[in-house]
Protein chains: 2
Amino acid sequence: MDLALIEKAANAIADKHRLSIIMEVVKKGKLICGDVCEFTCLSQPTVSHHVKILVDSGVLHSSKNGRIVELTLNKEMMKQLSMFFLQLS
Amino acid sequence: MDLALIEKAANAIADKHRLSIIMEVVKKGKLICGDVCEFTCLSQPTVSHHVKILVDSGVLHSSKNGRIVELTLNKEMMKQLSMFFLQLS
DNA sequence: TCCATTAATTTAAACATTTCAATGTATTAT
DNA sequence: ATAATACATTGAAATGTTTAAATTAATGGA
């Protein structure tokens, strides 16, 4: 297991707002960036910043559909994280 | 599952040095703070700072034995993290 | 084309984290 | 007692993160 990957994913998760974005994606199945602005009450640039960290780390998956960016959970990453911590437990 | 707990643990893990401390604890079973200074090449106060974050977050367990602090992995926390990510995958 | 919409980027500020030297505290050994 | 050891705390500098206003880029519709 690549520790740099774990570190980056952990960093993405280690933020109140980003964790709430993750949980909302889990709840809704998918989100668009505009939705994130609404329920977090953060500005659009701030949301863009957080979404970038989540996507770059591999925690979320993004797909552009016209001018709309759709965010979904990267379940493969969740599986890898689960396995990593399972091995340590 | 308490998200604040996840966030705090993720934060503890989201650092190169702290992650390497965790892996060394896993490898050796237990460590004392002095060992951490050696293998990380960090100063004693810096190690004390990182160890505090790891212990406060519940990732590591510490027990004082005279003037020596022994660090071990909190496997219960690893189990909880594993379960959290399993549920998301 | 021109305008509205959605998101990314730039910039700068406020804030938080990391780091170590110096110092303090607690414990052990002489 | 005194000195040495192991770790914690304080304080300050360097660095990194978060945030939003302003701007830019890209897409879709009238």
Side-chain angles (χ1 to χ4, degrees), chain A residues 3-25 28-74, chain B residues 3-25 28-74:
Chain A
L3 291 180
L5 203 105
I6 297 290
E7 188 198 327
K8 221 174 170 188
N11 179 68
I13 293 162
D15 175 271
K16 198 172 84 167
H17 295 306
R18 291 196 294 266
L19 190 48
S20 86
I21 293 170
I22 293 168
M23 297 316 285
E24 191 75 5
V25 168
K28 296 275 170 65
K30 61 186 167 188
L31 281 185
I32 68 171
C33 290
D35 295 340
V36 178
C37 290
E38 280 204 359
F39 84 84
T40 58
C41 297
L42 291 172
S43 70
Q44 181 271 316
T46 299
V47 165
S48 189
H49 164 75
H50 285 307
V51 165
K52 186 170 160 46
I53 289 171
L54 285 163
V55 171
D56 285 356
S57 69
V59 168
L60 292 190
H61 198 76
S62 83
S63 62
K64 205 159 196 171
N65 196 341
R67 38 187 185 186
I68 288 172
V69 171
E70 254 186 25
L71 302 169
T72 51
L73 189 68
N74 183 353
Chain B
L3 291 180
L5 202 105
I6 297 290
E7 186 198 327
K8 220 173 170 189
N11 179 67
I13 293 161
D15 175 272
K16 199 171 84 167
H17 295 307
R18 292 196 293 266
L19 190 47
S20 87
I21 294 170
I22 293 167
M23 296 317 285
E24 191 75 5
V25 168
K28 297 274 169 66
K30 62 185 166 188
L31 281 185
I32 68 171
C33 291
D35 295 340
V36 178
C37 290
E38 280 204 359
F39 83 84
T40 59
C41 298
L42 291 173
S43 71
Q44 180 270 317
T46 299
V47 166
S48 188
H49 164 75
H50 285 307
V51 165
K52 185 168 161 46
I53 289 171
L54 285 164
V55 171
D56 284 356
S57 68
V59 168
L60 294 189
H61 198 76
S62 83
S63 63
K64 205 160 195 169
N65 195 341
R67 43 190 180 181
I68 289 174
V69 170
E70 254 187 24
L71 302 168
T72 51
L73 189 68
N74 183 353

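In the text below, chain A, chain B and the rest are named by the order of the sequence lines, each starting its count at 1.
- Side-chain N/O atoms of A:Arg67 and base N/O atoms of C:dT6 include no donor-acceptor pair closer than 3.5 Å.
- For the pair B:Lys64 NZ and C:dT28 P, the interatomic distance rounds to 10 Å; values are reported in whole Å.
- Here C:dT9 presents its C1' atom at 16 Å from NE2 of A:His50, a figure rounded to the nearest Å.
- Across the protein-nucleic acid pair, B:Asp56 atom CG and C:dT17 atom P stand 13 Å apart, rounded to whole Å.
- Nearest to the side-chain atoms of A:Ser48 among the listed nucleotides C:dA22, C:dA8, C:dT18 stands C:dA8.
- Remark: C1' of C:dA16 and NZ of A:Lys16 are 14 Å apart, rounded to the nearest angstrom.
- Proximity of a side-chain donor or acceptor of B:Arg18 to a complementary backbone N or O of B:His50 within less than 3.5 Å is not detected.
- Nucleic acid contact for B:Leu71: none, since no nucleic acid atom lies under 4.0 Å from a heavy atom of the residue.
- Among the atoms of the strands shown, base atoms are found under 4.0 Å from some heavy atom of A:His49.
- Between B:Val36 and B:Thr40, the shortest heavy-atom distance links the atoms O-OG1, 2.5 Å.
- Here the side chain of A:Ser57 pairs a donor or acceptor atom with the backbone of A:Ile53 at under 3.5 angstrom.
- Where A:Asp15 and A:Pro45 meet DNA chain D, the nucleotide closest to each residue was compared, and A:Asp15 sits on the side nearer the 5' end.
- Between the CG atom of B:Asn11 and the C1' atom of C:dT18 there is a distance of 12 Å, given to the nearest Å.
- For the OP1/OP2 pair of C:dT18 and a distance below 4.0 Å, the side-chain nitrogens and oxygens of B:Thr46 include no atom meeting the criterion.
- The distance from atom SG of A:Cys33 to atom NZ of A:Lys52, rounded to the nearest 0.5 Å, is 12.5 Å.
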- Applying side chain to side chain contact (heavy atoms under 4.5 Å, CB included), run through A:Val55 and A:Leu60 and close with a yes or a no. CA-CA 5 Å; A:Val55 171; A:Leu60 292 190; 4.3 Å; yes

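- Rounded to an integer number of Å, the gap from B:Gln44 CD to C:dG24 C1' is 11 Å.
- A:His17 comes within contact range of the sugar-phosphate backbone alone, with a heavy-atom separation under 4.0 Å but no base atom that close.
- Partner of B:Ile22 under the side-chain contact (heavy atoms from CB on, under 4.5 Å) criterion, chosen from B:Asp15, B:Leu71, B:Leu54: B:Leu54.
- In terms of heavy-atom proximity, B:Ile68 sits nearest to B:Ile32 at CG2-CG2, 3.3 Å.
- In the 5' to 3' direction, nucleotides of DNA chain D lying under 4.0 Å from heavy atoms of chain B begin and end at D:dA4 to D:dT9.
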